[in-house]
Amino acid sequence: MKRVTHARWVACMVVIFFTLSYLKAQQFTFKKHPLSIEGYENAQVTRMLESSTGWLYLASTKGLLQYNGLNFNALATESPITALYEDRQKRLWCGLKNGDIFYFEKQKLLKWVIEEGTPKVAITGFAEDKNGYLWFSTYGEGVYFHDKKHLYNLNTDDGLSGNDVYSMMADTDGTMWLGTDDGVSVCHVEKDVKKAEKWAFNNDLPDLIIRTLSLDKQGNIWIGTHDKGFCTFDRTTHKITHLIPDWDLGVVNTILILNNQTALIGTEGNGLLHYSLLDGKPELSLLSKTKIFDLCLDRESNLWVLSNKNGILSANSRIEMMPTMLDSLQAVAVHPDLGTIIGAKNGLFHQKSNRENGQFVRVFPQKLNIISLYIDAYDNIWMGTFGDGLYCLRKGRLPLIRFTEKNGLSNGSIFSITGNREQLFMATLGGMTELDLSGFEKGNSLPKMTVFNTQNGLSTDFIYKIFIDSKKRIWLGTDGKGLTVGEGGVFRHFSTANDVPLQAVYSITESDDKIWFSTAQNRLFSLHNGVFKEFLLPSNLKQFKITSLATDENGDIVVMHAGGIHLLNPKTGHFQSIKIGQGEKSEPNLNAFAYDDKKQIWLINGNDIVLYHAPKTPVAIDPQPILRGMSIFMQPIDFQIINRFSYDKNYLTFDYEGLWFTDPESVRYRYRLEGLDRDWKMTRERQITYSNLPSGKYTFRLQASEYDNFDNIRELTYAFTIDKPFWWQWWFILLSIIGAGSLVYFFIKTREKRLARESALQREKIESQLETLKSQINPHFLFNSFNTLIATIEENPKTAVEYVEKMSDFYRSILQVREKNVITMAEEAQLLDNFIFLQKKRYGDNLIFETDIRSKNDFIVPLSLQLLAENAIKHNVVSKAYPLSISVTEADNGYWIVKNTLRTKAENEPGTGFGLHSLVTRYALLTDKKVVIEKTENEFIVKIPILKNAE
Amino acid sequence: MLHLSVFQLVAQKYQCRNGQISFTSDAPLELIKASSNALKGAIEPEQMTFAFAVKNRTFRGFNSPLQEEHFNEDYIESPKNEHSTFTGKIIDKVDLTKNGKFTIRAKGILTVHGVAQERIIKSEIDIRDKKLIVKAQFTVLLADHNIAIPKIVFQKIAEEVQLLINAEFILQ
């Protein structure tokens, strides 16, 4: 894609061509848009479309052009583009001369590929029907439509009037109208059945070769033919109206209806015909001997003309120019018979007839210096002169009737005239004169005149402007004394407005129930119920002096000045500029304008008369801001899809545009990145870069204006987010919190568990100690021990001493170990030995005890073995017949094995079973290995885990 | 009149008796392919008209005999709709009596399963020494021709079927 960066308007070009047959005055001021792209110098631009986004798209013989009024973006195609269309999904379609079809997507032209293939002849048009099917017409293969599954064709075999289709148009019902070499055909698809038929009214057409078809706002069809000009078809009355029967301008290529007032007819070789729908007059052929390819009206109401000689032209369609070839124009009016009349320094002029070169000629020979003109309700022309009194041309006919101070006129210099059916009011340099118009109309050649001046209530005798509002109040713009209003013969004076001295008031109008006036100091005020409001003039208006104020049909204030006009919306205060001509050369010409019977405004600009039409339909009044592109670190991105960026994608560039074809170079911008910028920033650049944006939510706001006021203006917004880095993401933070929480929870839980275990162990230990003590101090044990001791003392005192020593050792050991969780096996074995010694003294050989322990340094719960031995003795018979054998051995699998023979006493000694249970519990708290208790027929076995460490 | 009928007799047309036509149904669960060598056709170079027909029962190469039976009895309903046809006119302005390779678009009525649908089918044509070879590829949407598929079988038969034609015509 080529982009031309320094394209410039070539200076405004007023294109004025005359042909001999259709000729009058109104002309557009065309501006030429040179196709300043390399390689496109010889390209012809033949089709144009304003897209819904606001861009202008131009179809050329070399490719598609996107245009903003200043620069072109070009997308080359193999074959000339012959048709352009934007569908309801806002997709742009291009039909090529070679039959290919392309669509525009993401700034690229993509070929439309369908199974059926595309035509081999030129595409002449596109349209959509009510089913949403895309239709396209061809020059040679009839017409096609695509129902989103298949492509279908309609040609002469299906009933079409010809296969060469010049033009296709969809009407409001979705029926396709086709212009062919043999009349019009209408086609549609109903319930999946295609229908094509020759139009019933073909025989009423002036010519059967139909070049163009277009629909106007009323639903009527405009038909342009090959030889016989153009006609309209009224779809309700079915009447064909052939508008210019003696047509001699050749082939009609295109028709555009402007403002419901004018039809513009583009011809194959004879330029552009301006046809008034109001009076049916063919007025002028612009651009003679020129081929007009296409006409387009943009949303700003600019008229675009594509022609072979002048390329791309645009003009403001609301403004028509009429060069007068006269000097010193001072007043204008529109007379029903004489047409536009001009009051000049040397007489009154009018345009003689349409067919005489549109030349302005004198209405009468007298060279009056006419400074004001008024046409009253009876078609009398009233002329105010500078120092020579008032003249009247009754019904526009001679002789002239003159009124001077002698007849009662306040002064011979009349600056402004207005009136109603009864009276005529004049602003003069001697105050205001009221003339009895109804008396004059009844035949009184010397009607009564009443003078108002400083003698009877005015503040000054010098009056510039007189204006009668809708409430019949008389408003006077004075020289030096401000504004005066008269109601019921009483005058009120406003010499200041909001403390601003008004001095000279030049022009007055009414709109929105307010009075609007301008002053010699170039200030503009509104007045409503005694309250003044001043309107600050935009920079492009300040440089000119306001000469006149008028109100157009839409209620907009038309502010006239040498450079053209500004439209002021009374409600929003919005100004819009319409440039006219060259501007600067002319002198300020106060109140040189007039309304015609259609409420159009005619004004004088230099030596030209300008006709201003208020737009009948809403038009864009300020630039359309659009985001052209966006990039991150200079890499373009699709901003229509993406609006979220990671934290490190924070170097953003916005390319934007304020599309304003009326005056593209005047566009200025104001932007603000909400979330970063506190204030709006003004610029004329069309690009802005933000680097190093911190993460957060932003909205880019852009406004475009043709001057420095951005109030009530359209705005473009693009909201986006720069994500926080992942470590600031909510999910990451949440996960981290959960993670940390889990860790703390886990820690607390384990600690709790450990503490619980420890306390349980402690409790078990205490209970065990208590039990052990209880059992050891058990009266049985003591009783038995003492009995043994008594016997031993008698038999063998030495042994008795040993016995007591052992007993003492045993009890000491118990006291020593009871606090500990674990003791070594050696200690426990010693303890057990003492216990067994004591028991042996009682049971002798009936108690057999064996030990075989290797891991003496490993650990054991204190008193485990003693407990088991004691239990064995307590619960089993120990006798000669049934000796009790207790053994302590060590197994390879990390257990000590305490085994005793089993011969349970018939009467068991009371036992709580607590000892064994306590042992099991204490081991469970110390190790994962379990204490194993086995009971066979003859043996009771307890396996105690060997503890490898003291923990 | 006699003269005219003699002329019509003389007017030659391309004819084909054993053209190849195959279809492919590429469904998620099963790929079905079948073809027939019994495509008959005629192309009239003067009028640019054409006619193609194939007997539905001549399709072979199904994955199973049961499938072939389903094709004939349930879907195409061969007893009722003996032939599938495509007749119409060539849109493009080419001279079919001269040697050369063309891409043409044939506009006509495609009748499958007894349901006629207007279609445009793009074809490659290669003419050499009174022989004309037509190669074309196009899709048929089953719904367009009221070919209903039971829900269960849906995974096995594609909604659109690809067709391939390769036929040699001789000017006679």
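Atoms considered below: every heavy atom in the structure, side chains included; atoms not considered: hydrogens, waters and symmetry mates. Protein chains get the first letters and strands the later ones, always in sequence-line order, with residue 1 at the start of each.
- Heavy atoms of Thr139(B) lying under 4.5 Å from chain A belong to its backbone as well as its side chain.
- Remark: side-chain polar atoms of Lys120(A) are not paired, donor with acceptor, to backbone N or O of Lys93(B) under 3.5 angstrom.
- With contacts defined as side-chain heavy-atom distances shorter than 4.5 Å, the pair Tyr152(A)/Gln117(B) qualifies.
- Note on Val121(A), Asp158(A), Ile114(A): by heavy-atom pairs under 4.5 Å with chain B, the leading option is Asp158(A).
- Within a 6.0 Å radius of CZ in Arg128(B), other residues, nucleotides and ligands contribute 12 heavy atoms or fewer.
- Residue-environment remark: CD (Gln15(B)) exceeds the threshold of 12 foreign heavy atoms within 6.0 Å.
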(request) Take His150(A) and Asp144(B) through the side-chain contact (heavy atoms from CB on, under 4.5 Å) test and state the conclusion after the steps. (result) CA-CA 11 Å; His150(A) 297 305; Asp144(B) 280 356; 3.0 Å; yes

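- The distance from the OG1 atom of Thr118(A) to the CZ atom of Arg105(B) is 7.0 Å, given to the nearest 0.5 Å.
- Of all residues spanning residues 122-142 of chain A, those with a heavy atom less than 4.5 Å away from chain B's heavy atoms are Gly140(A), Glu141(A), arranged by number.
- There is no side-chain donor-acceptor pair under 3.5 Å between Lys89(B) and Asn155(A).
- Within 6.0 Å of atom NZ in Lys194(A), more than 12 heavy atoms from other residues, nucleotides or ligands are found, so the atom counts as buried in its surroundings.
- Checked for salt-bridge contact, Glu115(A) and Arg119(B) meet the test: a charged N lies under 4.0 Å from a carboxylate O.
- Using a 4.5 Å heavy-atom cutoff, the side chains of Lys149(A) and Leu141(B) are in contact.
- A donor-acceptor pair is defined here as one N or O able to donate and one able to accept, closer than 3.5 Å; such a pair exists between the side chain of Lys107(B) and the backbone of Asn153(A).
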